[in-house]
Amino acid sequence: MKILLIYPEIPITFWSFKYALSFIGKKASDPPLGLLTVASLLPSLWEKKLVDLNTRRLSLRDILWADFVFISGMDIQKKSFTEVVKRCKEVGAKIVAGGPMVTQHPGSFPDVDCFMLNEAEITMKPFVRDLESGHLKRVYETGDFADLSQTPIPDWSLLHLNDYASMDLQYSRGCPFNCEFCSITALFGHKSRVKKTDQFLDEMTSLYDAKWRGSVFIVDDNFIGNKNRLKSEMLPALISWQEDHHYPFNFTTEASINMSDDEELMDMMRQAGFSTCFIGIESSEEASLNECHKIQNQGRDLIQSVKIMQRKGFNVSGGFIIGFDNDPVDIFDRQARFIQNSGIVTAMVGLLNAPLGTRLYKRLKKENRIIADMTGNNTDGILNFIPQIHPDVLINGYRSLMKKIYSPRLFFERIRVFLEEYRDPFENLNASPFSSLRSFFLVLLKLGVLKKNGKFYFWKLIWYTLFNCPDKLRMVLTFAVYGYHFQRVAESI
């Protein structure tokens, strides 16, 4: 059996880093971890090929080679996903679709021949059995959650590793919290299911043996969802593995704000090689946090929590949301002040949207406020519900906010706020993708010479860094390139 796995194109968005990738000669930020794992769930004797449309084109020869085409994706990839399905149907290819988008919207894709919904660790086995017996059903689904000890090592052999800025691994699924707008718990539940420690280390070793070195994104939606297991088993083993292998990997992950309450946890994570953490902050307004049931963020000084993590050696990326019913009319200025004062360099501000399957969607549907499906891109300035603030005021205010916080002056000033707070107890673990001489001079040329605006603020920060913290120059140049990407995204909203 010949299986072609296709990952649809991700448009230029906040997290695509498309405008930044050219500085380091990469084609995509991250690989399609889901499809690589699905490939390993397939029988070992089956032939497999992967086409990631973010790194290469899909040819007719690719499609005609396959007995079945497997395709996955998220809402933001819907346009490309639909185009791929159309191309495959035109030549009679059989299409199997899975992943978060089709799991939530299977009725939106009538041309798909077979749906593998929910988690493939469960639905793959009956699919393979029925396919081999010649009695394939149209839908394979389950109401159960997978035992992650059954998750295989991703098939790295399908990738051209040099095409990517980072590799991805997963340790857990699920989140113990219940934020109203979040679809993660609808897909993966409230219990944080984790892999066995030896199992995860085997994945690390497989990636090491594949010759990868550098950035690794642990894609868990809340890495600290099971803190007891993390601190007692996982992190001590991960620290030992990194030491034994001379720290080949530098980790990024996502976690909840209560990470800042546990000094031991932060120290262990930093010693294991974690340097960047995305935190869902959402709002500086207590009433809005209460509205969306973001209980872990309530009743605390959020800026102080961020600064605690920065002083522990973490670059904190932050997620923010505009458009809650309880947002005041000056929410745009309030969010901008919060972001500047926090020193959060990478601040992803999005308009509130209601994903299908969430408690927010159900509530707004009951209130007759849902007007469309969400696009999956929460930085495109599009709403899928009727907000309390007039839509024109909300969208225009959001656009102004994004342009403001990613203006050269405020962005470079925010980096300096971060540098003044940041302390790194494990300097040797700090890594940056912008480390080659070519990348170094390209950044200086494009941002310090050729760029039409912001050069003064760029060089002002460079001189500050050289005189006050020269060891942070690579980090600053990395931030500057991120800012270049974010500014172009903000200008397009």
Please verify the inter-ring angle class for [X] with [Y]; under 30° counts as parallel, over 60° as perpendicular, anything in between as tilted.
X	Y	result
F127	F70	perpendicular
F486	F14	parallel
F249	W241	parallel

[Y] and [X], any side-chain heavy atoms less than 4.5 Å apart:
X	Y	answer
W156	E203	no
E180	T358	no
K18	S29	no
R369	R363	yes

Does [atom1] belonging to [X] count more than 12 external heavy atoms closer than 6.0 Å?
X	atom1	result
H160	NE2	no
K191	NZ	no
K451	NZ	yes
R138	CZ	yes

Ignoring hydrogens and angles, write down the donor-acceptor pairs under 3.5 Å from the side chains of residues 91-108, residues two or more places apart or on other chains.
from: T103; atom 1: OG1; to: G99; atom 2: O; distance (Å): 2.8
from: T103; atom 1: OG1; to: N118; atom 2: N; distance (Å): 3.1
from: Q104; atom 1: NE2; to: L356; atom 2: O; distance (Å): 3.0

Going by an N to O cut-off under 4.0 Å, is there a salt bridge joining E233 and K196?
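Looking at K196 together with E233, the answer is no, because their closest N to O distance does not fall below 4.0 Å.
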Going by an N to O cut-off under 4.0 Å, is there a salt bridge joining E491 and R399?
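Answer for the salt bridge query: no.
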Does NZ or CZ of [X] fall inside the cone over [Y]'s six-membered ring, less than 6.0 Å from its centre and within 45° of the axis?
X	Y	answer
R229	Y171	no
R213	Y208	yes
K446	F23	yes

Report the distance from atom CG of L230 to atom OG of S172, rounding to the nearest 0.5 Å.
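It comes to 8.5 Å.
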Can you tell me how far apart CD (Q487) and CD1 (I405) are? Round to the nearest 0.5 Å.
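Atom-to-atom, Q487:CD and I405:CD1 are 11.5 Å apart.
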Which residues satisfy the side chain to side chain contact (heavy atoms under 4.5 Å, CB included) test with L383, sequence neighbours excluded?
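Checked L383 against side chain to side chain contact (heavy atoms under 4.5 Å, CB included); matches are L351, F385, P387, P391, L394, I395.
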Matching residue for D62 among R87, K49, R56, K2 - test: salt bridge (charged side-chain N to carboxylate O under 4.0 Å, His left out):
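Exactly one candidate clears the test, R56.
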